[in-house]
Structures are given as C-alpha cells and as structure tokens.
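Written below as structure tokens is the structure these notes are about.
Scope of the values below: all heavy atoms of this structure, side chains included, with no hydrogens, waters or symmetry mates.
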Amino acid sequence: MTPVFLLLLAACSAAAPPPAAGFRDGAKPIYSNAVYDPGRITGDWVQVAAFARDEGPGCAPGRVEVGGSAAALTGAGVLCLDGERLAFSGALEPAGPGRVRPASAEGVLSQDWWLLWVDVDYRTLVVGTPSGDFGFILDRSGSLPADRMTAAREVLDWNGYDLGRLTGF
C-alpha cells in the first residue's frame, strides 16, 4: 500500500464519530413534563424497568422514597442502572420545568433527571436524561399494568430511547 493511501485511511477512521454512549438518540428532542405537580410524587416508588447494555437488569429492582413538599422535595433510594446499584440521598433541587437534580448524588446520578411522564393518577413515573446515560420507570405498587407499561414505553420511544435495551425486573 502506498503511504498516501494509508494516510487517507487513517484520516477517515479518525473522523468517524464515536459510538453513542447512552441509551437514547441524542439527535432526537427530549421533553420533560412541565405540568406535573411536584407535591404528588412524594411517597414510595419501586423501580420496574431500566436500560441496560447486557441482557437482563443485572441487579435487583431499586426503590426510591420522595419526601418533603412541592417546594422542597427530598429523595433517597437505590436504583439499578445499567446493571449497577447506585444510591442517592438528599434534596431534589428544581432544575427546570419537570426536572430535578439530586443535590448530593455522584457520578451518573448527578445529572438533571427529566420527568418524562407521569400517569394522571401519579402511579407510574418515567425518568430520563438528555444524555441518555440512564432512564427508568418507577411505579408505586411495583406491579405495572400492561396499559401503563405501554404508555411508558411509548414516551421513552418518543424521547429517542432504544427500547431494545429496556429491561423489566
């Protein structure tokens, strides 16, 4: 091979975009639920689905407890995200319409959490991030009926998430 060909080949491979790190297509828009009532998400939640690169969730379903008031939410819990158990605790600071940021979370959990959808009775909650690093579905009972799972999946799909990577517990 000629040196010019090798140089061109190296330039092409260097210009190739890196593979997507998250679970959603970043070219698609993502929307948070700006009209949700923060005071109605207080209480206990059970994680019923999350995104994972490997088959199966890789860990037990998480739990989240949201406390405080609409003006000052707090949260504590453990989530199974991409096969890893991650804990957080502390204030859930408002980060925009339909968005909160766990104040004391570290790593991937320190991103803004976009509340993508909550059903009309506040039984099921879908959370995602613009980066697509994680997304999950919470339910108050832990036993999500098929109609709400369908709605949650449609919301995630509409927001650019790869449903092939969504796994239930």
Checklist line | Heavy-atom closest contact (Leu166 atom, Ala49 atom, distance) | finding: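 Here Leu166 and Ala49 meet closest at CD1-CB, 3.9 Å.
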Notebook entry, point to check: With a 4.5 Å heavy-atom cut-off, do Pro94 and Arg99 have their side chains touching?
Noted result: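 The answer is no; the side chains never approach within 4.5 Å.
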Note to self: I want to check something: taking the side chain as every heavy atom from C-beta on, are Leu144 and Ile137 in contact at a cut-off of under 4.5 Å?
What the structure shows: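 Leu144 reaches Ile137 side chain to side chain.
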Check: What distance separates Thr129 OG1 from Phe23 CZ, expressed to the nearest 0.5 Å?
Finding: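 Between Thr129 OG1 and Phe23 CZ, I get 10.0 Å after rounding to 0.5 Å.
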Note to self: Working note: Leu116 + Leu156, criterion side-chain contact (heavy atoms from CB on, under 4.5 Å); need CA distance, chi angles, decisive distance, verdict.
What the structure shows: CA-CA 8 Å; Leu116 304 179; Leu156 287 163; 4.0 Å; yes
If you look only at pairs with a residue in [range], which of them pass as a disulfide bond (SG atoms under 2.5 Å apart), with sequence neighbours excluded?
| range | result |
| --- | --- |
| residues 102-169 | none |
| residues 113-169 | none |
| residues 36-146 | Cys59-Cys80 |
| residues 122-169 | none |

Next item on the list: Classify the side-chain pair Ser143/Ser141 by whether it contains a donor and acceptor separated by less than 3.5 Å.
Entry: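 Judged by distance alone, the side chains do not pair up.
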Show me the pairs that pass salt bridge (Lys or Arg N to Asp or Glu O under 4.0 Å) and involve [range], at least two apart or across chains.
| range | answer |
| --- | --- |
| residues 102-117 | Arg101-Asp112 |
| residues 71-91 | Arg53-Asp82 |
| residues 147-169 | Asp139-Arg148 |

Checklist line | Residues Asp133, Gln111; criterion side-chain contact (heavy atoms from CB on, under 4.5 Å); working and verdict | finding: CA-CA 9 Å; Asp133 286 342; Gln111 298 179 54; 2.8 Å; yes
By the rule that ILVMFWY residues connect when side-chain heavy atoms come within less than 4.5 angstrom, directly or transitively, which residues belong alongside [X]?
| X | answer |
| --- | --- |
| Leu79 | Tyr36, Ile41, Trp45, Val64, Val66, Leu73, Leu81, Leu86, Phe88, Leu92, Val100, Val108, Leu109, Trp113, Leu115, Val118, Tyr122, Leu125, Val127, Phe134, Phe136, Leu138 |
| Val35 | none |
| Trp158 | Tyr31 |

Margin query: Is it the case that the side chain of Arg24 and the backbone of Pro130 share a donor-acceptor pair, with hydrogens and angles ignored and the cut-off at 3.5 Å?
Written below: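 Indeed, once roles are kept as given, a pair shorter than 3.5 Å links the two residues.
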Note to self: Using only atom types and a distance under 3.5 Å, with no angle test, would you say the side chain of Ser32 pairs donor to acceptor with the backbone of Pro97?
What the structure shows: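 Yes.
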Notebook entry, point to check: Considering residues at least two apart in sequence or located in another chain, which fulfil the salt bridge (Lys or Arg N to Asp or Glu O under 4.0 Å) criterion with Asp54?
Noted result: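 Per chain and number, Asp54 pairs via salt bridge (Lys or Arg N to Asp or Glu O under 4.0 Å) with no residue.
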Check: For Asp25, which residues count as a side-chain hydrogen bond (donor to acceptor under 3.5 Å, both in side chains) partner, sequence neighbours excluded?
Finding: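 Once residues adjacent in sequence are excluded, Asp25 has no partner under the side-chain hydrogen bond (donor to acceptor under 3.5 Å, both in side chains) criterion.
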